[in-house]
Amino acid sequence: AAAEAHVRVTGMTCSACTSAVEAAVSARRGVRRVAVSLLQNRAHVVFDPALAKVEDIIESIEDAGFEAEIIP
Ligand code: 9UX
């Protein structure tokens, strides 16, 4: 089964920032799909909950240099 998370991402100012977030999240084990919207400042992530946690995804985005918080 897959889980999904919507994440508020702040600090992205160009499409290269968006690509950096997508690359960082995609590199995480268990992540199946990532879509990042620059205009909406958000990311949609589909992942395998047995292999990744939402906290891991948040951490990947923060490590790439952006602020991230889960959208409930
Ligand atoms: Mo270009 Mo986005 O330096 O930070 S990647 S603005």
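Counting convention: from 1, in listed order, for ligands and their atoms alike.
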Peer 1: Is there a continuous path of hydrophobic side-chain contacts, each under 4.5 Å between heavy atoms, that joins Ile70 to Val45?
Peer 2: yes

Peer 1: What's the shortest distance from atom 1 (Mo) of ligand 1 to any protein heavy atom, and which residue and atom give it?
Peer 2: Cys14 SG, 3.1 Å

Peer 1: Please identify which atoms of ligand 1 are closer than 4.0 Å to at least one heavy atom of Thr13.
Peer 2: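 In order of number, 2 (Mo), 4 (O), 6 (S).
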
Peer 1: So, the side chain of Glu69 versus the backbone of Val9: is there a donor-acceptor pair under 3.5 Å, distance only?
Peer 2: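 Not confirmed, Glu69 side chain does not pair with Val9 backbone.
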
Peer 1: Can a salt bridge be assigned to the pair Arg28 and Glu59 using a cut-off of 4.0 Å between side-chain N and carboxylate O?
Peer 2: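 Yes.
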
Peer 1: Could you find the nearest protein heavy atom to atom 4 (O) of ligand 1 and give me its residue, atom name and distance?
Peer 2: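 Here the closest protein heavy atom is Cys17 SG, 2.6 Å.
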
Peer 1: Rounded to the nearest 0.5 Å, how far does CD1 of Ile58 lie from CG of Asp63?
Peer 2: 11.5 Å

